[in-house]
Amino acid sequence: MDDIEAIKQLTARYNRAFDSVDVPGYLATWTEDGFFERSNAGRSFQGHAELEELLTTFGVDGRHVTSDFIIEVDGDRATSSSHLIYLDVDAGFKVAIFGIYADELVRTDEGWKFSARRLQVHAPKGT
């Protein structure tokens with residue numbers, strides 16, 4: 001599998017693990033010191049303990065849909081940008097979040113992992 005496809009597969013594993021609250025699966029997509037920030041969250045999360053907290057306390061039962069990947073690989077490092085649509089299951093799969101991920105990745109002995117994910121949330125005009 002080439003690097004770009006491997007990074008897309010990593011993102012799919014992240015999405016499914018987050019959506020099913022699969023703690024081991026979710027943490028397996030991150031480096032030990034992984035960093036996550038969402039522009040409208042008011043805080044960031046770093047390291048496996050805080051990332052687990054993010055996963056287990058997130059207030060929406062949702063489903064991630066990511067698309068429009070732009071991935072650049074440079075040796076054992078890569079960047080990825082993709083669109084996120086996050087659907088709220090309890091609201092009939094209404095869009096809860098739309099945004100753009102800016103990811104930093106590293107190749108490890110276990111394959112590609114996220115070292116940083118930053119989600120810039122876009123709100124509808126007038127909100």
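Nothing fancy with the numbering, it's 1 onward along the sequence.
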Next on the checklist: Suppose we screen for side chain to side chain contact (heavy atoms under 4.5 Å, CB included). Which residues come up paired with D68, at least two apart in sequence or across chains?
Outcome noted: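 With sequence neighbours excluded, D68 shows a side chain to side chain contact (heavy atoms under 4.5 Å, CB included) to H83, given in chain and number order.
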Check: Do the charged groups of E50 and R43 touch, with an N to O distance under 4.0 Å?
Finding: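 Judged by the 4.0 Å cut-off on N to carboxylate O distance, E50 and R43 do form a salt bridge.
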| said: Would R117 pass as a cation-pi partner of Y101, given that its NZ or CZ must be under 6.0 Å from the six-membered ring centre and within 45 degrees of the axis? | reply: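 Ring-cation test returns yes.
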- Task: Answer yes if the side chains of T66 and N15 hold a donor-acceptor pair under 3.5 Å, and no otherwise.
- Result: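 Yes - a donor-acceptor pair under 3.5 Å links their side chains.
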Out of curiosity, does [Y] fall in the hydrophobic cluster containing [X] (side-chain heavy atoms, cut-off under 4.5 Å, transitive links)?
X    : Y   : result
L27  : I7  : yes
L119 : F58 : yes
V121 : V65 : no
F69  : I85 : no
F98  : F93 : yes

Can you give me the closest heavy-atom contact between [X] and [Y], atom names plus distance?
X    : Y   : result
H122 : G99 : CD2-CA, 3.8 Å
S80  : I71 : OG-CG1, 3.6 Å
V60  : Y86 : O-OH, 3.2 Å
A17  : G25 : CB-C, 3.7 Å
Q46  : D33 : NE2-O, 3.0 Å

- prompt: Does the side chain of L105 reach to within under 4.5 Å of the side chain of R77, using non-hydrogen atoms?
  reply: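 Not touching, per the 4.5 Å side-chain cut-off.
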More than 12 heavy atoms from other groups under 6.0 Å of CZ on R107:
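Atom CZ in R107 is packed in, count exceeds 12.
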Would the number of heavy atoms belonging to other residues, nucleotides or ligands and lying under 6.0 Å from CD of E53 be above 12?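 Counting neighbours around CD of E53, more than 12 heavy atoms of other residues, nucleotides or ligands fall under 6.0 Å, so yes.
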Next on the checklist: Could you check whether any side-chain N or O of D2 sits under 3.5 Å from a backbone N or O of E5, counting only pairs where one atom can act as donor and the other as acceptor?
Outcome noted: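 Yes: the side chain of D2 pairs with the backbone of E5.
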(Q) Does the plane of the ring in Y14 sit parallel, tilted or perpendicular to the ring in Y26? Use 30° and 60° as the thresholds. (A)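 Taking Y26 first and then Y14, their aromatic rings sit tilted (interplane angle of 30° to 60°).
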Out of curiosity, [X] [atom1] to [Y] [atom2], how far, rounded to the nearest 0.5 Å?
X    : Y    : atom1 : atom2 : value
L54  : F45  : CG    : CZ    : 4.5 Å
I70  : I4   : CD1   : CD1   : 11.0 Å
T108 : K113 : OG1   : NZ    : 5.0 Å
I100 : S82  : CD1   : OG    : 9.0 Å

So which of D19, D61, V95 actually passes side-chain contact (heavy atoms from CB on, under 4.5 Å) with L87?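 Output: one option passes, namely V95.
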Original post:
Can you name the one residue among L10, V106, T31 that meets side-chain contact (heavy atoms from CB on, under 4.5 Å) with F114?
Top reply: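 Single pass found, and it is L10.
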Does S115 form a side-chain contact (heavy atoms from CB on, under 4.5 Å) with F35? I'd like the steps, not just the answer.
CA-CA 6 Å; S115 59; F35 175 82; over 6 Å; no
